[in-house]
Protein chains: 2
Amino acid sequence: MFEQFKDKFNLDERKWNEYLSCFHRMEVASKTTLLAEGKVSKKMFVIEKGCIRAWLNNNGKDITAQFFFEGESVGSIESFMKNIPSPITIETIEPSILWMINKTDLDRMLSEIKEIPHLRDMFINKIFERTFDYMKYFFSSIRDTPQQRYLDLIKDRPQIVKRVPQHYIASYLGITTVHLSRIKSKLAKGD
Amino acid sequence: MFEQFKDKFNLDERKWNEYLSCFHRMEVASKTTLLAEGKVSKKMFVIEKGCIRAWLNNNGKDITAQFFFEGESVGSIESFMKNIPSPITIETIEPSILWMINKTDLDRMLSEIKEIPHLRDMFINKIFERTFDYMKYFFSSIRDTPQQRYLDLIKDRPQIVKRVPQHYIASYLGITTVHLSRIKSKLAKGD
DNA sequence: TGATGACGATAACATTTGTTATCAAATTAA
DNA sequence: TTAATTTGATAACAAATGTTATCGTCATCA
């Protein structure tokens, strides 16, 4: 799972193994809640296999905020960093294999990493990339129609369309399932 | 302008003055373009007085992506960091007093700052805060109605409603000026 | 095996939002 | 100051999107 990062991290064998041992493998069923809204996040997860969504509660209706797939890391960064109640719930969509790391371990790991220039820069770039992603989503949400955003999803994140139930996709696009159904049938008829 | 940060930065007098001298004061008229879409950003600005917007072109129509006021720093971070064409245009709304810094100076400053733990952490926190902001905007855009987002704007960022022409606000909310007008008159009649 | 619930399509109707056009007030430029 | 231009409100109509309800298919589970 983590072998692919070994060269990139370029740590001595001992340190690398120490970091590896912080991650704990776990297998979970679909619809498992990994973090509940309102709880303070003390764990992060890396996905080996499966698919996860983050959602927020809006007077009873759940709004999907984000999807995660193999290789991605998942958690409420805001809750995790600031020690505040999580605004989102994190839940598996498929049965999944995850690698869990505790906040205490990750905090220690990060504070060490921040002293190593090339890893520090990797970390900062990672944060920037996430910022750029959210900017893109926000801009798209005020600029594009739901149909356009659905087409973008098909093009840029085909995984989502293939593996995720449609009502989650609809709420992620900010529309109803009925409307998404209409968009699909309209597209099927040839634009 | 920058005195307020002196304690927080906690640098020796010589370094502090060296950094200060990188910023150049400029006064510009309203509707001045500070960065045009498609150009690679080589400058960042800090606002002493005035108000600025960032917008993107969408087949001729401009969509306002963000507003900036006194004390905030402005630029296309993505263009600036990655040396790519800017996806946005940055333009003053009011006559403004700005402090400009060149990329070469800022790059040098940042690489020095990244070696000083408390400044590095301030920098990383700053990036995280920006990420959390965009997350919030994105979530709100798929969760809330335009009317709710307008009410949030009044509550959270009253500056915008007071100082910014209405058609910019409308495009920032992702709606037309006509619709924003309707929302306002509906609210004026008592919800 | 059968029952149950999750998922998705569709129809009919309601509401929201966009489009175009017109007018008035405020601001800016000549 | 006068003439443009910008800004904002409103009306009438069109298009997009939401709501509620119904139905069929499929997976799950007892």
Side-chain angles (χ1 to χ4, degrees), chain A residues 28-33 50-51 53 55 58-64 67 91-95 140-154 160-191, chain B residues 28-33 50-51 53 55 58-64 67 91-96 140-151 153-154 160-191:
Chain A
V28 297
S30 75
K31 301 206 178 172
T32 303
T33 297
C51 155
R53 76 184 183 112
W55 57 275
N58 189 40
N59 341 322
K61 285 177 196 165
D62 72 53
I63 306 280
T64 300
F67 298 106
E91 193 179 284
T92 53
I93 293 178
E94 301 172 356
S140 164
S141 74
I142 57 176
R143 183 185 57 227
D144 304 324
T145 62
Q147 173 164 328
Q148 188 55 54
R149 275 180 288 133
Y150 180 65
L151 287 170
D152 289 347
L153 217 56
I154 294 173
I160 293 182
V161 182
K162 278 177 203 143
R163 292 166 64 177
V164 172
Q166 194 160 311
H167 59 288
Y168 296 153
I169 298 178
S171 80
Y172 177 72
L173 292 173
I175 61 179
T176 60
T177 56
V178 176
H179 190 51
L180 179 52
S181 238
R182 280 196 282 239
I183 288 173
K184 285 177 70 175
S185 80
K186 188 176 152 202
L187 289 171
K189 278 180 200 136
D191 198 341
Chain B
V28 297
S30 74
K31 302 205 177 171
T32 303
T33 297
C51 155
R53 75 184 184 112
W55 57 275
N58 190 40
N59 342 321
K61 286 178 195 164
D62 72 52
I63 306 278
T64 300
F67 298 106
E91 194 180 283
T92 53
I93 293 178
E94 301 173 355
S96 304
S140 164
S141 75
I142 59 177
R143 184 184 57 228
D144 304 323
T145 62
Q147 174 165 326
Q148 188 55 52
R149 274 181 287 133
Y150 180 65
L151 287 169
L153 217 56
I154 294 174
I160 293 182
V161 183
K162 278 178 202 140
R163 292 166 64 178
V164 172
Q166 193 159 311
H167 59 286
Y168 295 154
I169 297 177
S171 80
Y172 177 71
L173 292 173
I175 61 178
T176 61
T177 57
V178 176
H179 190 51
L180 180 52
S181 240
R182 279 195 284 238
I183 288 173
K184 285 177 68 175
S185 80
K186 188 175 152 202
L187 290 172
K189 277 179 201 139
D191 198 338

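Chain naming here is simple, since letters A, B, ... match the order of the sequence lines and numbering starts at 1 in each. The figures here come from the full heavy-atom set of this structure, side chains too, leaving out hydrogens, waters and symmetry mates.
Contact check, Lys184(A) against dG8(C): no side-chain N or O comes under 4.0 Å of OP1 or OP2. For the pair Gln166(B) and dA9(D), the criterion of a side-chain N or O lying under 4.0 Å from OP1 or OP2 is met.
Nearest to the side-chain atoms of Pro146(A) among the listed nucleotides dT10(C), dT17(D), dA9(C) stands dT17(D).
Of all heavy-atom pairs spanning Ser96(B) and Cys51(B), the tightest one is OG-N, 3.5 Å.
Residue Ile93(B) contributes atom CD1, which lies 14 Å from atom C1' of dT7(D) at whole-angstrom precision. Taking atom NZ on Lys186(B) and atom P on dT15(C), their separation rounds to 12 Å, with Å as the unit. Atoms CD1 (Ile169(A)) and P (dG8(C)) sit 8 Å apart, rounded to a whole Å. With rounding to whole Å, Ile183(A) atom CD1 is found 13 Å from dA15(D) atom C1'. In this structure, Leu187(A) atom CG and dT10(C) atom P are separated by 13 Å, rounded to whole Å. Atom CD1 of Ile63(B) is separated from atom P of dG18(C) by 11 Å (rounded to the nearest Å). The distance between atom CZ of Arg149(A) and atom C1' of dT17(D), rounded to the nearest whole Å, is 12 Å. Note: NE2 (His167(B)) to C1' (dT19(C)) measures 18 Å, nearest angstrom.
The shortest distance between side-chain heavy atoms of Val164(A) and Arg53(A) does not fall below 4.5 Å. Side-chain atoms of Leu151(A) and Leu187(A), non-hydrogen and from C-beta on, do get closer than 4.5 Å to each other. No side-chain heavy atom of Ser171(A) sits less than 4.5 Å from a side-chain heavy atom of Lys61(A). Two residues are said to be in side-chain contact when any heavy atoms from C-beta on lie closer than 4.5 Å; Arg182(A) and Val178(A) meet this criterion. At a threshold of 4.5 Å between non-hydrogen side-chain atoms, the residues Ile175(B) and Tyr150(B) do not count as touching.
Not a single donor-acceptor pair under 3.5 Å links the side chain of Thr32(A) to the backbone N or O of Thr92(A).
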**Q.** Protein proximity profile, nucleotides 18-30 of chain D - base contact B, sugar-phosphate-only contact S, no contact -, cut-off 4.0 Å on heavy atoms
**A.** BBB----------

